Number of protein chains: 2
Amino acid sequence: MSDPAPGPATFPAAIAARLRREILTGALPPGSPVKERDHAERLGVSRTPLREAVRILAKEGLVTLRPLRSPLVADPTRDEALDEVAVLRQLELFGGELACRNATAEEIAVIARLSETVERDHAGGDPVEVFDLDMQMHRLIVAAGHNAALARTHGEYLARLWRIRFMSARQRTDADRVLADHRGMVAALAARDTGAMRRHMESHLDALVRNVERHFAEGGA
Amino acid sequence: MSDPAPGPATFPAAIAARLRREILTGALPPGSPVKERDHAERLGVSRTPLREAVRILAKEGLVTLRPLRSPLVADPTRDEALDEVAVLRQLELFGGELACRNATAEEIAVIARLSETVERDHAGGDPVEVFDLDMQMHRLIVAAGHNAALARTHGEYLARLWRIRFMSARQRTDADRVLADHRGMVAALAARDTGAMRRHMESHLDALVRNVERHFAEGGA
DNA sequence: CTTTTCGAAATGGTATACCAGAATCATGCC
DNA sequence: GGCATGATTCTGGTATACCATTTCGAAAAG
């Protein structure tokens with residue numbers, strides 16, 4: 001979420017990254033069609049790689065495919081979003097448990113440093129930047145569990161929920177409690193205390209559920 | 001796993017289904033390259049849809065993509081497979097818990113009927129058929145949890161682990177304990193007893209872990 | 001004025017031609 | 001004889017042309 005307008009993206013993954021950014025920032029609003037020719041011309045690329053990029057985004061759940069029709073930018077309902085949060089919760093709790101068991105000292109140190117960075121930059125830093133750091137921390141914790149399949153699937157859910165998380169988080173930051181959760185998670189990880197880790201992660205994830213519910217209650221798109 | 005040699009598959013999903021079957025049955029052994037031109041000609045289809053089919057299989061984890069190289073039929077190591085089983089375990093346990101809470105009476109009845117079918121056909125029936133029914137039962141239980149995201153992700157893991165599960169199950173059936181687990185799961189579901197459900201599913205999934213470990217210990221491919 | 005119908009434009013799906021990088025093998029040098 | 005090196009062949013990546021279906025507006029019937 002930093003590059004402004006890079007040159008013509010050549011690989012499908014790069015095209016997907018660009019479209020993903022446009023979707024997540026709202027430049028491509030939910031429900032809008034993703035027409036192959038239009039976006040291909042706009043991005044200075046052929047239909048073939050753009051088509052593949054759309055498929056990548058579809059697999060991530062950011063766009064929904066319709067046979068013989070234009071794909072649409074995904075527009076999950078409240079219940080669908082909560083279902084995804086529920087799965088994310090299970091994946092992340094499992095990741096935390098594995099991290100307590102398998103994380104190396106270096107990984108713990110990196111996570112602790114990142115937590116401090118978030119805490120330091122929280123007040124003055126760019127909210128988007130802080131939000132990305134927060135997500136990166138969760139990703140690192142799961143990665144520290146040393147289960148590649150879990151890390152991959154967890155990453156997919158994070159990507160799919162990025163926009164909702166972002167729009168939920170910017171409404172009310174809950175800054176103090178979020179930071180307290182982070183501190184608790186880092187401490188639990190350092191102590192390899194799976195019970196404490198689970199408690200702090202549950203607190204964190206419960207807050208996410210509340211944020212999402214409030215987001216939709218306030219007519220979020 | 002029934003159609004012998006259908007006519008030219010026209011849609012990518014159909015092509016993917018055919019390739020999937022060939023991979024899971026071992027016709028395309030793990031590690032073998034999936035060359036676009038060869039298979040496109042063999043299946044009487046162009047490279048474009050076949051390419052998309054390969055991407056579908058890649059997302060399912062059945063083939064691994066390499067930049068500028070032929071994709072390979074996936075050949076997971078023991079640890080990778082066990083990692084995936086561990087995630088499947090979490091997903092399935094969560095599905096069982098949700099099923100106890102959200103399943104309708106009709107869904108419970110369907111699952112109970114299927115369990116009886118498996119039990120009846122187990123002795124004489126085709127092993128492949130029985131295996132598919134077993135997997136279908138797990139799929140139905142998770143689906144009864146009424147969490148679409150969970151069902152989708154769980155289905156992906158089932159597909160990815162199909163071959164290993166199949167080759168593990170055919171070695172030693174563990175028939176009696178498997179059927180006992182099924183009965184226990186159905187009973188727990190009917191009683192909406194999440195604790196009992198979890199215990200029986202854990203028994204089932206522990207057996208799966210043992211099967212996979214034995215499969216690799218015996219030099220499984 | 002509303003509704004239906006027909007046709008032109010648009011759009012996704014597929015086939016094919018072309019391009020760039022990689023693998024392979026023959027050849028020549030050490 | 002072994003190894004580096006080069007050209008040929010093969011393979012995935014991309015662009016483009018063609019086709020089938022859908023869509024949507026205009027025109028005509030009610």
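Just the heavy atoms: all of them, side chains too, but no hydrogens, waters or symmetry mates, feed the values below. Fair warning: this is a prediction, and the values are worked out from it, not measured in the lab.
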Name every donor-acceptor pair, under 3.5 Å, that has one atom in a side chain of residues 63-73 of chain B and the other anywhere in the protein, sequence neighbours excluded.
| residue | atom | partner | partner atom | Å |
| --- | --- | --- | --- | --- |
| B/R66 | NE | B/S70 | O | 2.8 |
| B/R66 | NH2 | B/S70 | O | 2.9 |

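When the P atom of D/dG13 is taken as reference, atom CZ of A/F11 falls 8 Å away, rounded to whole Å. The distance from atom CD of B/E36 to atom C1' of D/dG13 is 8 Å, rounded to the nearest whole Å. When rounded to the nearest whole Å, the span between CG of B/L50 and C1' of D/dG13 equals 14 Å. Atom CD1 in B/I15 sits roughly 7 Å away from atom P in C/dT14 (whole-Å rounding). Note: CG (A/L65) to P (C/dG12) measures 11 Å, nearest angstrom. Distance B/L68 CG to C/dA22 C1': 8 Å, rounded to the nearest Å. To the nearest angstrom, P of D/dC10 lies 10 Å from NZ of B/K35. Between the CG atom of A/D38 and the P atom of C/dA9 there is a distance of 17 Å, rounded to whole Å.
When atom types are taken as modelled, the side chain of B/Y157 and the backbone of A/A149 share a donor-acceptor pair closer than 3.5 angstrom.
B/Q136 pairs by the side-chain hydrogen bond (donor to acceptor under 3.5 Å, both in side chains) definition with nothing, not counting sequence neighbours. Taking A/R20 as the reference, A/A16, A/A17, A/L24, A/I56, A/L57, A/E60, A/L62 meet the side-chain contact (heavy atoms from CB on, under 4.5 Å) condition, with sequence neighbours excluded. Scored by the side-chain hydrogen bond (donor to acceptor under 3.5 Å, both in side chains) test, A/D181 finds A/R177, A/S203, A/H204 as partners (sequence neighbours excluded). By the side-chain hydrogen bond (donor to acceptor under 3.5 Å, both in side chains) test, A/R160 pairs with no residue at all, sequence neighbours left out. By the side-chain contact (heavy atoms from CB on, under 4.5 Å) test, A/E213 pairs with A/R78, A/L82, A/V209, sequence neighbours left out.
Applying the salt bridge (charged side-chain N to carboxylate O under 4.0 Å, His left out) test to pairs two or more places apart or on separate chains, those with a residue in residues 100-118 of chain A are A/E97-A/R101.
Each of B/R42, B/E41, B/K35 was scored for a side-chain contact (heavy atoms from CB on, under 4.5 Å) with B/D38, with one residue passing: B/K35.
B/P71 comes within contact range of the sugar-phosphate backbone alone, with a heavy-atom separation under 4.0 Å but no base atom that close.
Using a 4.0 Å cut-off on heavy atoms, the residues of residues 51-62 of chain A that approach DNA chain C are A/R51, A/R55, listed by number.
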For nucleotides 15-20 of chain D, give me every protein contact, N/O to N/O, under 3.5 Å, one pair per line with atom names.
| residue | atom | partner | partner atom | Å |
| --- | --- | --- | --- | --- |
| D/dA15 | OP2 | A/S46 | N | 2.8 |
| D/dA15 | N7 | A/T48 | OG1 | 3.0 |
| D/dT16 | O4 | A/T48 | OG1 | 3.3 |

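If you check C/dT14, C/dG12, C/dG21 against the side chain of B/P12, the one that comes closest is C/dT14.
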